[in-house]
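Presented below is the structure to which this report refers.
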Amino acid sequence: MPRRALSHPRFGRGFGLLRRVTSSRRKHIALVRDLYRQMDMVEDGCLCCGNRDFSLLAECDRYGFDLQKQICESCGLVQTYPALSQSFLDVFYRDHYRRLYTKSDLVNYDHILAEQNERGERFHRFLLQELDAAQIAESHVVEIGCSAGGILAYFRDHAKSVQGCDLDEAAVRFGAAQFGIDLTAEAFPDSLPEGPKIFILSHVLEHVAKPKELLAQIRAHMGPGDHLFIEVPGLNMVAEGEYSHNLRAYFHIAHVADYSAATLTAMLAQAGLAPLRCTEGVTGIFVRHEGPVPSIVRDPQDSVENVRRIERTFGSK
Ligand SMILES: [Zn+2]
């Protein structure tokens, strides 16, 4: 077993076992663990660059799942490796995700919509730093993975049209009834409007088994004047106090990859997309990049030492 870069025992297998058996969620954790142990893990190389040279960071996550977080030594992307398969993720999101995370099958739509409304307002402000209001007003906003559509409901008053899709049929039904907007239960919209478009991926890419494929699919529907807005939870923000400085809480089973601004930008570059702006948030606006896919240059900050630096902030107020 290679040496673990996050050497504190709370990132080790023993702590994971303890966490699994003492957690108030232990029954559900056992079900999910049985599921991934019955299915093949994926070892196709790094999600971004395909290389197989990894450094081991952690051997357990928020819930004590014995999954490995590793950093690719070629491009610097932190990811679960070996990876969970799409077949596992499909069953996990359908049957387990909500109960594991919220301890309930009941969905608190008030909570979801309040969070989505806050995001809608914040994303609109972010877009206004790169695009003018008239440009947004002339655009069709298309959200992939829109849940109950609260972000789109915010954009309805600021864009030409809004539409969204999500595999969560109940959320889509709820949102369509609540807001009267065009929401469909599918992974990708069956049809798209003509004219300038702003695609939104809000806290979606980090959950997708093959992010480059989703990005390529979106790019194929983007023209020269179209934009892709993306937000994922930023790894470096844990050092700034998100997740209460707790890197083990940030590392959790649903996060396939854990992005910095540079690793997200590198992932998008591989899909032929270039940033207008990308923060460590990680929040960014991207456009089509024409020409050959650039070779990946690892940002020196995306290193084992940086992950250790983030971990050293644990316990800060
Ligand atoms: Zn890589």
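Note that the structure is a prediction, hence the values are computed from the model and not measured. Just so you know, residue 1 is the first one in the sequence shown, and it goes up from there.
Smallest separation of non-hydrogen atoms from Ala209 and Leu89: CB-CD1, 3.8 Å. The minimum heavy-atom distance between Pro82 and Glu43, with the atom names listed, is CB-CG, 3.6 Å. Of all the heavy atoms in Gln79 and Gly45, the pair that sits closest is OE1-O, 4.4 Å. Between Arg20 and Gly64 the shortest heavy-atom distance is NH1-O, 2.7 Å. In terms of heavy atoms, Val172 sits closest to Ala185 at CG1-N, 3.9 Å. In terms of heavy-atom proximity, Glu143 sits nearest to Ser202 at OE2-CB, 3.8 Å.
With hydrogens and angles left out, the side-chain atoms of Asp302 and Thr263 include no donor and acceptor closer than 3.5 Å. Using modelled atom types and a 3.5 Å distance limit, the side chains of Ser303 and Glu305 yield no donor-acceptor pair. Donor-acceptor pairing under 3.5 Å is lacking for the side chains of Ser316 and Thr313. Looking only at atom types and distance, the side chain of Lys197 has no donor-acceptor partner in the side chain of Ser139 under 3.5 Å away. One side chain, His203 or Glu231, offers a donor N or O that lies under 3.5 Å from an acceptor on the other. In the model, Asp61 has no side-chain atom that pairs as donor or acceptor with a side-chain atom of Tyr250 under 3.5 Å. Checking Tyr63 against His28 by side-chain atom types alone, no donor-acceptor pair falls below 3.5 Å. A donor-acceptor contact closer than 3.5 angstrom links the side chains of Gln86 and Asp90.
With contacts defined as side-chain heavy-atom distances shorter than 4.5 Å, the pair Tyr81/Leu57 does not qualify. Side-chain contact between Val297 and Asp299 is absent, with no heavy-atom pair separated by less than 4.5 Å. Leu100 has its side chain out of reach of Leu31: every pair of non-hydrogen atoms, C-beta onward, lies at least 4.5 Å apart. Counting only heavy atoms from C-beta outward, the side chains of Met222 and Leu273 approach each other to under 4.5 Å. Looking at Leu247 and Leu6, their side chains come closer than 4.5 Å, going by heavy atoms from C-beta outward. Between Phe179 and Arg156, the closest side-chain pair of non-hydrogen atoms falls below 4.5 Å. In this structure the side chain of Cys46 never reaches within 4.5 angstrom of the side chain of Ser74, judged on heavy atoms. In this structure, the side chains of Glu206 and Pro233 come closer than 4.5 Å at one or more pairs of heavy atoms.
Arg309 has no carboxylate O lying under 4.0 Å from a charged side-chain N of Glu311, or vice versa, which leaves the two without a salt bridge. Remark: Asp258 engages Lys69 in a salt bridge, criterion side-chain N to carboxylate O under 4.0 Å.
The aromatic ring centres of Phe15 and Phe11 sit 6.0 Å or more apart. Taking the six-membered ring where the residue is Trp, the centroids of His252 and Phe65 are separated by 6.0 Å or more.
In this structure, CD on Gln116 lies 14.0 Å from CD on Glu121, to the nearest 0.5 angstrom. Once rounded to the nearest 0.5 Å, the distance linking CD1 of Ile198 with CD of Glu138 reads 11.0 Å. Taking CG from Asp34 and CE from Met39, the interatomic distance works out to 12.5 Å, rounded to the nearest 0.5 Å. Note: Arg26 CZ to Arg19 CZ = 12.0 Å, rounded to the nearest 0.5 Å. Interatomic distance, CG of Leu214 versus CG of Leu201, reported as 5.5 Å (0.5 Å rounding). Here OH of Tyr36 is found 10.0 Å from OG1 of Thr80. Values are rounded to the nearest 0.5 Å.
Here the options are Asn117, Leu113, Val162, the test is side-chain contact (heavy atoms from CB on, under 4.5 Å), and the partner is Tyr154; only Asn117 passes.
Under a cut-off of 6.0 angstrom, the local environment of CD in Glu169 is sparse, with at most 12 non-hydrogen atoms contributed by other residues, nucleotides or ligands. Enclosure of atom CG in Asp95 by more than 12 non-hydrogen atoms of other residues, nucleotides or ligands within 6.0 angstrom is indicated. Within 6.0 Å of CD in Glu194 there are 12 or fewer heavy atoms belonging to other residues, nucleotides or ligands. Sparse packing is recorded around NZ of Lys210, with 12 or fewer heavy atoms of other residues, nucleotides or ligands lying under 6.0 Å away.
Listed by first and then second residue, the ring pair (Phe, Tyr, Trp, His ring centres under 6.0 Å) pairs that reach into residues 213-242 are Phe123-Phe229, Phe126-Phe229, Phe188-His221, sequence neighbours excluded.
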With salt bridge (charged side-chain N to carboxylate O under 4.0 Å, His left out) as the test, would you mind laying out the steps for Glu290 and Arg219 before giving the verdict? CA-CA 11 Å; Glu290 307 301 341; Arg219 184 185 185 275; 3.5 Å; yes
Do Arg98 and Asp168 pass the salt bridge (charged side-chain N to carboxylate O under 4.0 Å, His left out) test, and can you show the C-alpha distance, the side-chain angles, and the key distance before you say yes or no? CA-CA 11 Å; Arg98 185 165 294 131; Asp168 184 340; 2.8 Å; yes
Please walk me through it: do Glu73 and Arg298 pass salt bridge (charged side-chain N to carboxylate O under 4.0 Å, His left out)? CA-CA 9 Å; Glu73 286 297 345; Arg298 178 178 179 172; 2.9 Å; yes
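The backbone N or O of Ala254 lies less than 3.5 Å from a partner atom in the side chain of His207, making a donor-acceptor pair. Side-chain N or O atoms of Ser147 include none that pairs as donor or acceptor with a backbone N or O of Gly149 at under 3.5 Å.
Both the sub-6.0 Å distance and the 45° axial angle are satisfied by Arg10 relative to the ring of Phe314.
Taking the six-membered ring where tryptophan is involved, the planes of Tyr243 and His255 are perpendicular, since the angle between them exceeds 60° and thus also 30°.
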